[in-house]
Amino acid sequence: MKRVLLTTALSLIISMSIYAQKIDEWKKPPKASEKEIGIVNVHIQTGQAAYKGITEIESKRGDKLSDEELYKRLLEKAKDKYGNAYPDLELRSFKSNHYSKLEYVNDYDKNWKVIGKIQACYDFSDGSAMVVLPDPQIKIDKKLTQAITKALQNIIEGSRLSLDQIRTINEDKEDFKDKVVEILLDEGFKVVAKDYLEKLYEEQRAQQSGIYNNRTTVQENNFSAVGYYINVKQSEESIKVQVINVSTGEYESNVTVALN
């Protein structure tokens, strides 16, 4: 019995832990890097009922709104209020409250003459959240991923790429290069040293001229003969990504994504 109780308790703890990990960002407090710009609230009546004594004479009851539905309403309100100035806004510190309110109101006869009082019950769902601007660096990283993904959309997954020109004015160059490499690997590409691609190119040229060693020839069917240079340039206004075919020297893509 103790073992069963212990197993049940452990399962409950694990379930609670998993649930905590799945809590959406809008339910968490603002991060230190986020800028708070305002608060939005919604107050929604979800139902009502009327009673004479203990007898219900009218009922229009509805279910309380879920947190997800209240979040959607709050996000719409935030975008209406702040969206033009801050299109990248997000919500944090979400709170919800569901309650009923009792009141005594006049009861009328068919001639609208007051004949007494009846008890009215109103149901409400309230929600509130803080409106924040995300960390600017997070926005830049998302734009970087967007630009690289778009530039590589016609490149076969598994192809070899090498970083050629990597330029940024907003952060450390090595950190920026690491981000580019991580995105390329996540997208399913192989990242190799630039001199390796140059060696492949030279082997291909030798192959085409008929001067090459059969044991070291570059085979086209294993993608080792396919290589691309990638240039990434980040300025204050945009991120530009170029993909160049090593074998032909031709631009495979040239993509610019605005940061604003």
Side-chain angles (χ1 to χ4, degrees), residues 25 31-35 85-90 132-213 215-260:
E25 290 293 321
K31 300 173 184 176
S33 58
E34 294 175 333
K35 179 182 178 182
Y86 307 107
D88 298 314
L89 64 81
E90 295 181 2
V132 303
L133 291 180
D135 184 344
Q137 189 57 52
I138 294 177
K139 176 183 176 181
I140 292 174
D141 290 348
K142 288 181 179 179
K143 294 285 188 177
L144 175 62
T145 301
Q146 177 186 342
I148 293 176
T149 302
K150 187 176 181 180
L152 296 173
Q153 61 184 349
N154 294 324
I155 306 300
I156 299 173
E157 185 175 343
S159 297
R160 291 187 171 95
L161 296 98
S162 178
L163 308 187
D164 188 16
Q165 299 180 40
I166 305 295
R167 299 177 183 174
T168 178
I169 62 173
N170 295 318
E171 56 184 303
D172 180 77
K173 184 177 180 180
E174 290 305 314
D175 291 341
F176 187 65
K177 288 175 64 175
D178 289 343
K179 288 179 182 178
V180 173
V181 171
E182 185 175 348
I183 293 169
L184 294 174
L185 294 176
D186 288 343
E187 291 293 320
F189 296 96
K190 298 176 181 178
V191 183
V192 300
K194 184 179 178 182
D195 56 357
Y196 177 76
L197 286 184
E198 290 174 345
K199 181 180 178 181
L200 285 179
Y201 177 59
E202 291 302 322
E203 286 187 21
Q204 283 188 322
R205 290 183 62 186
Q207 228 177 290
Q208 292 165 2
S209 66
I211 307 172
Y212 59 90
N213 187 323
R215 292 176 299 174
T216 62
T217 182
V218 179
Q219 299 297 320
E220 293 183 1
N221 60 1
N222 65 7
F223 296 123
S224 61
V226 179
Y228 301 90
Y229 288 140
I230 183 167
N231 299 331
V232 183
K233 301 176 184 178
Q234 177 185 319
S235 66
E236 293 286 356
E237 295 80 23
S238 65
I239 293 176
K240 185 174 184 178
V241 179
Q242 297 174 324
V243 179
I244 304 164
N245 189 306
V246 174
S247 299
T248 64
E250 296 175 347
Y251 285 91
E252 298 287 344
S253 60
N254 188 11
V255 172
T256 300
V257 174
L259 291 178
N260 299 321

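Only a predicted model underlies this, so the values are computations on that prediction, with no experimental measurement involved.
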Any pair counted as salt bridge (Lys or Arg N to Asp or Glu O under 4.0 Å), so long as it reaches residues 136-147, sequence neighbours left out: D88-K139, D141-K179
So I239 and L259, do their side chains get closer than 4.5 Å, heavy atoms only? yes
Who pairs with K31 by salt bridge (Lys or Arg N to Asp or Glu O under 4.0 Å), at least two apart in sequence or on another chain? E25
Testing V191, D178, I148, L152 one by one against I183 for a side chain to side chain contact (heavy atoms under 4.5 Å, CB included), which residue passes? I148
Spacing of K173 atom NZ and I166 atom CD1 [to the nearest 0.5 Å]: 8.0 Å
Side chains of R160 and F189, heavy atoms from C-beta outward: is any pair under 4.5 Å? no
May I ask you to test the V243-Y229 pair for a side-chain heavy-atom distance under 4.5 Å? no
So, does S159 use its side chain to make a donor-acceptor pair with the main chain of I156 at under 3.5 Å? yes
Got a donor-acceptor contact below 3.5 angstrom from the N231 side chain to the Q165 backbone? yes
Contact summary for K190 and G158, nearest pair of heavy atoms: CD-O, 3.6 Å
Closest heavy-atom pair, R167 versus F176, reported as atoms and distance to 0.1 Å, is O-CE2, 3.7 Å
Pairs meeting criterion salt bridge (Lys or Arg N to Asp or Glu O under 4.0 Å) with involvement of residues 239-260, two or more places apart: none
Residues L144 and V232: closest non-hydrogen pair is CD1-CG1, 3.8 Å
Mind listing the closest non-hydrogen atom pair of I230 and L184 along with its distance? CD1-CD2, 4.0 Å
Over 12 foreign heavy atoms within 6.0 Å of CD, Q137: yes
If we only count heavy atoms from C-beta on, is the I244 to Y228 side-chain gap below 4.5 Å? no
Has the side chain of S162 got a donor or acceptor atom that lies under 3.5 Å from a matching backbone atom of V192? yes
Taking every non-hydrogen atom, the tightest pair across V255 and A151: CG2-CA, 3.7 Å
When every non-hydrogen atom of P134 is compared with those of E34, the smallest separation belongs to CA-CG, 4.0 Å
